[in-house]
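Read the structure below first, then the notes.
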Amino acid sequence: SPLADGHGPAALAGREIEELAARIAASVARRPQTEAGLAVGLGVPVEHVRRALAVLTRTAAVRAKRSGDAVFYSGLAG
């Protein structure tokens with residue numbers, strides 16, 4: 001089974017989340033972006049982006065700011 005050998009959507013945890021979170025932090029440091037924009041730009045499912053952003057916002061590595069109907073994520077310098 002793909003899940004049993006550490007592959008597939010349910011396997012995204014630990015190191016993969018940290019790696020994706022680092023990529024997201026670098027990306028939003030350049031310019032604010034939405035979850036959907038990050039998913040397209042990084043070529044990953046939006047659910048993975050949400051999980052990494054949850055870690056980043058909880059640790060204050062990125063911040064979220066609502067603009068109309070969208071939420072943009074930016075680096076602390078952004």
Side-chain angles (χ1 to χ4, degrees):
S1 143
L3 299 181
D5 62 6
H7 299 288
L12 186 75
R15 185 178 51 80
E16 286 107 345
I17 285 288
E18 290 176 10
E19 290 172 0
L20 180 56
R23 291 172 61 203
I24 289 172
S27 188
V28 300
R30 291 189 290 275
R31 65 181 169 83
Q33 296 172 71
T34 63
E35 288 178 351
L38 284 162
V40 170
L42 297 173
V44 297
V46 72
E47 182 55 36
H48 294 187
V49 169
R50 282 190 193 115
R51 290 175 64 190
L53 282 169
V55 172
L56 290 167
T57 55
R58 189 167 51 247
T59 61
V62 301
R63 63 181 174 194
K65 183 176 182 183
R66 181 168 290 282
S67 178
D69 290 337
V71 175
F72 286 85
Y73 294 87
S74 62
L76 297 181

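Just so you know, these numbers come straight off a predicted model, no measurement behind them.
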Open item on the list: Between Val28 and Leu56, is there a side-chain heavy-atom distance shorter than 4.5 Å?
Closed with: no

Task: Check: Arg23 side chain, Glu19 main-chain N or O, donor-acceptor pair, under 3.5 Å - done: no

Task: Leu53 with Phe72, same ILVMFWY side-chain cluster at under 4.5 Å - done: no

- [ ] Please say whether more than 12 non-hydrogen atoms of neighbouring residues, nucleotides or ligands are located less than 6.0 Å from CZ in Arg31.
- [x] no

- [ ] Identify the heavy atoms of Val49 and Leu20 that sit nearest to each other, and give their distance.
- [x] N-CD2, 4.1 Å

- [ ] Rounded to the nearest 0.5 Å, what's the gap from CG on Leu38 to CZ on Arg50? Could you check?
- [x] 11.5 Å

Open item on the list: Which heavy atom of Pro45 sits nearest to which heavy atom of Ala39, and what is that distance?
Closed with: C-CB, 4.2 Å

- [ ] For the residue pair Gln33 and Ser27, establish whether any side-chain heavy-atom pair is separated by less than 4.5 Å.
- [x] yes

- [ ] State plainly whether one hydrophobic cluster holds both Val71 and Leu42, where clusters connect Ile, Leu, Val, Met, Phe, Trp and Tyr through side-chain heavy atoms under 4.5 angstrom apart.
- [x] yes

Open item on the list: Please determine whether a side-chain nitrogen of the Lys or Arg among Glu47 and Arg51 lies less than 4.0 Å from a carboxylate oxygen of the Asp or Glu.
Closed with: no

Task: In one Ile/Leu/Val/Met/Phe/Trp/Tyr side-chain cluster, 4.5 Å: Val44, Val62 - done: yes

